[in-house]
Undergrad: 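The structure is given below, and queries will be raised subsequently.
Letters A, B, ... mirror the listed sequences (proteins, then strands); counts begin at 1. Every heavy atom of this structure was used, including side-chain atoms; hydrogens, water molecules and symmetry mates were not.
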Amino acid sequence: MTAGPGSGAVAGDRDLKLSRVTKRFGDFVAVDDLTLTVPEGSFFALLGPSGCGKTTTLRMVAGLEEPTAGRVSIGDQDITGLRPYKRPVNTVFQSYALFPHLAVFENVAFGLRRRGVRGVEERTEQMLELVELREYAGRRPAQLSGGQQQRVALARALINEPRVLLLDEPLGALDLKLRRQMQIELKRIQTEIETTFVHVTHDQEEAMTMADTIAVMNRGVIEQLGAPAELYENPLTTFVANFLGQSNLIMTEVIDPSGHTVVVDCHGQKVAVVASRCHTQQGRGWLGVRPEKISASAAGCEDHADVNVLTGGVVSDVSFVGVSTQYLVRMPWGQELMVFEQNTGTRSPLTNGDQVDLAWSRDHAFLLDAEQDAQAGVVREDGS
Amino acid sequence: MSQRPAPVVDGETARRRGYGWLLLVPGMLWLVVFFLIPTVQLFFTSLYDPSGSYELGYAMTWHFQNYPDAVRDNFDLFVRSFLYAGITTFVCLLLAYPLAYAIAFKSGRWKNFLLVLVIAPFFTSFLLRTLSWSAILSDQGVVTSLLKSVAILPEDGRLLATPVAVIAGLIYNFLPFMTLPLYASLDKVDPRLIEAAGDLYSSPFTGFRKVTVPLSMPGVVSGTLLTFIPACGDYINAELLGTTRQYMIGNRIQAAFLRERDYPVAATLSLLLMLVVVAMVVVYVRRAGTEKLV
């Protein structure tokens, strides 16, 4: 590999950078003028619904797709024009793409053998040890379970010590329980070897569990980038608010944007929002509150200074889901809001028709531009 | 109450297990009537006393000496048959692999059309097509004069009635038998595996060598068998495009059966050809080791 002369490059500066990358397929713009820096050693997730351009972005880093415009680089090495086999990146494919004609051992050793490095046997043994598949070395991929195949795919990529490991929906084919297990496993391995992981997924829970940083993608652009908690607590767009978890979005009118809290009119009731979470300053805006942040209590309760209260709700639906109870509360203006309450057992549950007030801390709401579709990014129950 | 359902379940299981073999019956019957019985008959015929004749009849004398005699008298024909069939198979593989590869991976929406083209020759008779090759390769034909004009062929050279013509005819006739199985196995190769090989430091050529070729081995094995076996026994190409000096074992068998009516010799040669081909195929399939492939 031809490393640059090192001018200006700090040692260890191996960040993956995409600069103004665009990919078109005919008329369809899959990735639109995307700029992104993935810091070295981070676990980075590209999250978005299918067709948002996340896999295309990954394939451009892998070299399996050529950008229509823009540059891809790792550290100071521009890899935009490099063929896939010349790039210091490896991929864990969605379908695993294990070689069916080779035993597990040879699948894992494949990359090392192609590069003609020394000590292939030993390193392969070690890698199989790491993914706990030593006793399966002689088997063929078809004789392994889904989880084992997944680990072979991971070992086959990791053994090459790539600067960036790309994971394309790596857990998509596994069942829920195994997926949880592998999430922890992947995170453990990543922390251990300190390689940059770029993980593509449509599963917000998976992204939040593993990644240090998440980029939420929609229609070829990044909607928002940040740490999982930051994205969850302070979304910039209705798409992010809905795609990561669930949100109640209520149409409001800004009354007083001055001060460190912004006061909005919510169908005749005043509500305060922390200024740093207001992404619109005047006119109308979507007030967003996460369902688990709201507490519902019998009408006419006390009113604290730091608490927002919406009165006049009527419980219209109660569903018990074990750890929590999920309520739908019909508000005077006709909208139904979601309220999730932990089943701590300290409070008696509400029932249909109860008159309730909804309260939440001022720190736990956000205000979004009213121009956006309140349904953007809503994930349906079937996961599509 | 508790006993009643048991026999029903048993009966059902028995029916499921017991009657599946019925599906084999039509095929087995066909094989017994049209393959097994004739082969046994052929075996007996091959042991008739060679001093008999078609007109006077043959005596069954368990004359095993027919076999060494047949090998001694026809050794050249056997060697030539296997040589021609071997060259044919090899050239067919060289021609068909790129063709099948292109159809499987590069043809896009033309795929079905190209496959029809591969099969299209079967719409006309095998004999007619071979006869037309004798016109194409004839001394006054375009091919011969073209090759002469560029001095590939000497002034007095000819194509028809040479080994080149016979082998060319064989290659032409058996090319689809090589192409179709190759296509079938190449088409099954998942392009994502080739991508994965590229991701793991394989140049396109290395990826082809290490992934595509091994995965297409079942096609290579069945294609070579489907070409080599019938090519060994073929006599039409040698008959129509060659002379007695290009005759193959099939020509000798055909002559012995139909012209000389020397049935013991014909039967002995037929069985010998069959045995040698089966032996070669067994060794070949063992060595190719396709059972390990998915």
Undergrad: For L98(A), is it the side chain, the backbone, both, or neither that has a heavy atom closer than 4.5 Å to a heavy atom of chain B?
TA: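 Only the backbone of L98(A) comes within 4.5 Å of chain B.
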
Undergrad: To the nearest 0.5 Å, how far apart are OG1 in T68(A) and CE in M60(A)?
TA: 7.5 Å

Undergrad: D199(B) versus chain A, heavy atoms under 4.5 Å apart: side chain, backbone, both or neither?
TA: both

Undergrad: Should the pair Y172(B) and W133(B) be assigned to parallel (<30°), tilted (30 to 60°) or perpendicular (>60°) ring geometry?
TA: tilted

Undergrad: For T206(B), is it the side chain, the backbone, both, or neither that has a heavy atom closer than 4.5 Å to a heavy atom of chain A?
TA: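 The side chain, not the backbone.
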
Undergrad: How long is the straight-line distance from OG1 of T91(A) back to OH of Y96(A), given to the nearest 0.5 Å?
TA: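 Rounded to the nearest 0.5 Å, the OH-OG1 separation comes out at 15.0 Å.
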
Undergrad: Name the member of L112(A), N90(A), V89(A) that forms the most heavy-atom pairs with chain B at distances under 4.5 Å.
TA: N90(A)

Undergrad: Can a donor-acceptor pair be found between the side chains of Y84(B) and N237(B) at a distance below 3.5 Å?
TA: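 The answer is no; no qualifying pair exists.
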
Undergrad: Quick one: what part of R113(A) sits under 4.5 Å from any heavy atom of chain B, side chain, backbone, both or neither?
TA: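 Neither the backbone nor the side chain of R113(A) comes within 4.5 Å of chain B.
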
Undergrad: What distance do L23(B) atom CG and M28(B) atom CE have between them, rounded to the nearest 0.5 Å?
TA: 13.0 Å

